[in-house]
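The block underneath contains the structure these notes are about, expressed in structure tokens.
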Amino acid sequence: MDPEAFLDLANQVIKLKMYPYFDVAHSLLCALAVREDLGAGAQAFSRKHPLSCWLSTMLVIFAGGMVANGLLGEPILAPLKNTPQLVIGTVTWYVVFYMPFDVGYKVAKFLPVKVAASAMKEIYRAKKVYDGVSHAAKLYPNAYIIMVIVGTLKGNGAGFTRLVERLIRGAWTPTAMETMQPSFYTKASLVASVIFVLDKKTDLISAPHALVYFGIVIFFVYFKLSSILLGIHDPFVPFENLFCALFMGGIWDSLAKLLGKGQPKEETKDAKKTN
Amino acid sequence: MDPEAFLDLANQVIKLKMYPYFDVAHSLLCALAVREDLGAGAQAFSRKHPLSCWLSTMLVIFAGGMVANGLLGEPILAPLKNTPQLVIGTVTWYVVFYMPFDVGYKVAKFLPVKVAASAMKEIYRAKKVYDGVSHAAKLYPNAYIIMVIVGTLKGNGAGFTRLVERLIRGAWTPTAMETMQPSFYTKASLVASVIFVLDKKTDLISAPHALVYFGIVIFFVYFKLSSILLGIHDPFVPFENLFCALFMGGIWDSLAKLLGKGQPKEETKDAKKTN
Amino acid sequence: MDPEAFLDLANQVIKLKMYPYFDVAHSLLCALAVREDLGAGAQAFSRKHPLSCWLSTMLVIFAGGMVANGLLGEPILAPLKNTPQLVIGTVTWYVVFYMPFDVGYKVAKFLPVKVAASAMKEIYRAKKVYDGVSHAAKLYPNAYIIMVIVGTLKGNGAGFTRLVERLIRGAWTPTAMETMQPSFYTKASLVASVIFVLDKKTDLISAPHALVYFGIVIFFVYFKLSSILLGIHDPFVPFENLFCALFMGGIWDSLAKLLGKGQPKEETKDAKKTN
């Protein structure tokens, strides 16, 4: 592939319209995630508590926007004013939970459908991360950390609203905080946010913007497909282990242990597992 | 009663001033609700934790405004700037919890007092639902769902802040989410919000606005009094069962069960109970 | 000390710059508080969950501003735009948790260091309470209660975000609500807020503003040092007991008990302990 054509493709990806196909893919996977989170009793739950089921699905679909708005002092409900997206979300929710003979769920779980929807959702995610970083950069042009936080939250909002989402369904799982065991999506959104901030605010990245964006899209889609098809779940782990060993005390702890004057053994033995 | 006089009455109801009598009735019932929620240890609790008791009562009194503000990006504390209402709330709280020989509580529990206060509170509720819908309509003229959500929250805010209110008192009851078992007040506020939205935004309702408003007030007061005096708690249940049977999978589930290829029996048997 | 020189000193205290030394002291004590809250497993936790550890430390450091912003409809993340303070917070966090051979923690725990940092933090606290009251007074010039609430939250924000802070670390302790057992810092911030409001909005306090401010600083520092060095933890208790006996039913309960027609004995026996 010659570079010219590649740049052309990148420019087309950056201008992709999200409505309606990408919205459908995103809503579908969100509704599936809610259904899977409910486990075996999902169907019975959806019959007994349709309101709760609908509210929690909407929260998952609009999570990124709502959390980011909440933290930036903007109206939390504002994402719901996008009526077409709300209609898509409601229809998808209905299809996944209430179709006769569970047809909707079975189709959505069918591998080719799921793979296509997942790939589209990752393209959507890249766009949301980028929009989050841009939005925060407009509000606070010098606060890099706010840009990174907003980008990450827009990229994987559902991870951070999981506790509230489950609470709406009457379940409370305080130990399932995303901050304790960040998922691959959170880490990937964090890395993407950092790259977008570097691209936007510094001269460290000399590639054209479209290429940076396209690279992130490819990275998201590639690892999502690896995860579905090959079962590779977190390519960040080795880097984290290295980083933690160097900067988060790993090496010093081992040294202190060797010298016999560090903290007791049972504290250090799980020190190499990272967050 | 001739229609002229009826319309006149409706026009007077719509212009009723809430301050101070309706505020007193609302605060009184809120303080009573907190006291009853505390159960047998209410008086001991109010002696040991007056601050916590006062804060949670204020949260119940101002719940609707606070939740709606929080979701619309407006200051959550703003409702507290209404000093007269705050004074009324504090005095009522004091009367219900701390009067010598518990006189205040006993008077408030006296049936005629309670019936009068409840009727007034329902008139207040209708006004709050209407104000919520109008306020949201001003902010987002095309987002019907936001109008309905804000109207419902303003109508029964205390239901949705219950978890926080109890948390202020050191109790945590995650399964008591309003979304899981919406109370009659939530459902009634939801229906009223939908009617107000239809009245405001469409031509489907041809009756004059004052009559629509008055009808909702009568509906609220009538069912509140039925609930206190006759023990009828939820007139919506039959409609919900019908709706769920038709649209939320009820009929299809039965059909699938008959055909012997639906979900297992233990999942469907409680499917007819609605949210 | 002659009054002239005293007023001069007060005027200098009011103009003290907080950056960078007071920020360092504040961040240091916040990081120490997080580490102590984690208990014996603090070091192991910081190795396994650095992200969670950093986020919860930042939440403690910026708690006052974040909570006050959240309640006043301003962006919750806004305090993070103060990049120098964020850098100080991060460096302090790193020093307390990750220094080789735990040098940072040991130095921070060394009594003279801790005493100096604590005294500086109390000066910082007085400034934050004053800033909170002033900020709220600008937004709501007549809402005294909002000024007091914002002043208190700015003074001891970390107390009120403790639940969220622990939740970020995967622990959930709903009974540890600050409102149930307000700490000395909360009570002192409350009293200071009330005094600042009286000073600002009424003529009841005739002393010059600088003296009032200086008096509060001395009061904060004095009791903090008493608490560290002498073990006096809450000088408010006798006043609270008196207040509760007079106004929160204490006397009437005793009277009712004497007359044998009050609430049962097991309810009143702990009535004298205050919130």
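Naming convention: chains lettered A, B, ... in sequence-line order (proteins, then strands); numbering from 1 in each chain.
Here B/T179 contributes atom OG1 and A/W54 contributes atom CH2; the two are 12.0 Å apart, rounded to the nearest 0.5 Å. In this structure, A/L86 CG and B/Y144 OH are separated by 13.0 Å, a value rounded to the nearest 0.5 Å. Note that the CE atom of B/M177 and the OG atom of A/S56 stand 10.0 Å from one another [nearest 0.5 Å]. Taking CG of A/L51 as the reference point, atom CE of B/M180 lies at 10.5 Å (rounded to 0.5 Å).
For the residue pair A/H49 and B/Q181, the shortest heavy atom distance occurs at CE1-NE2, 3.7 Å.
For A/F97, no part sits under 4.5 Å from any heavy atom of chain B, backbone or side chain. Contacts between B/I251 and chain A at a heavy-atom distance below 4.5 Å are absent for every atom of the residue. Neither the backbone nor the side chain of B/L139 comes within contact range of chain A; no heavy atoms are under 4.5 Å apart. For A/L167, the parts lying under 4.5 angstrom from a heavy atom of chain B are both the backbone and the side chain.
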Stepwise side chain to side chain contact (heavy atoms under 4.5 Å, CB included) check, B/L259 with A/F101: CA-CA 10 Å; B/L259 298 175; A/F101 307 104; 4.0 Å; yes

From CA spacing to verdict: side chain to side chain contact (heavy atoms under 4.5 Å, CB included), B/N142, A/K81: CA-CA 7 Å; B/N142 299 310; A/K81 83 181 162 194; over 6 Å; no

Intermediate values then yes/no, side chain to side chain contact (heavy atoms under 4.5 Å, CB included), A/Y98 and B/W252: CA-CA 9 Å; A/Y98 299 107; B/W252 291 108; over 6 Å; no

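By the salt bridge (charged side-chain N to carboxylate O under 4.0 Å, His left out) test, B/R169 pairs with B/D37, B/E165, sequence neighbours left out.
Side-chain contact between A/T83 and B/I145: absent, with no pair of heavy atoms (C-beta onward) separated by less than 4.5 Å.
More than 12 heavy atoms of other shown residues, nucleotides or ligands fall within 6.0 angstrom of atom NZ in B/K200. The environment of B/F236 atom CZ is dense: over 12 non-hydrogen atoms of other residues, nucleotides or ligands sit within 6.0 angstrom.
Between the side chain of A/Y94 and the main chain of B/F247, a donor-acceptor pair closer than 3.5 Å is present.
Residues of residues 68-75 of chain A lying under 4.5 angstrom from chain B, judged on non-hydrogen atoms, are A/G73, A/E74, A/P75 in numerical order.
Per-residue heavy-atom pair counts under 4.5 Å with chain A were compared for B/I146, B/T175, B/V150, and the maximum is reached by B/I146.
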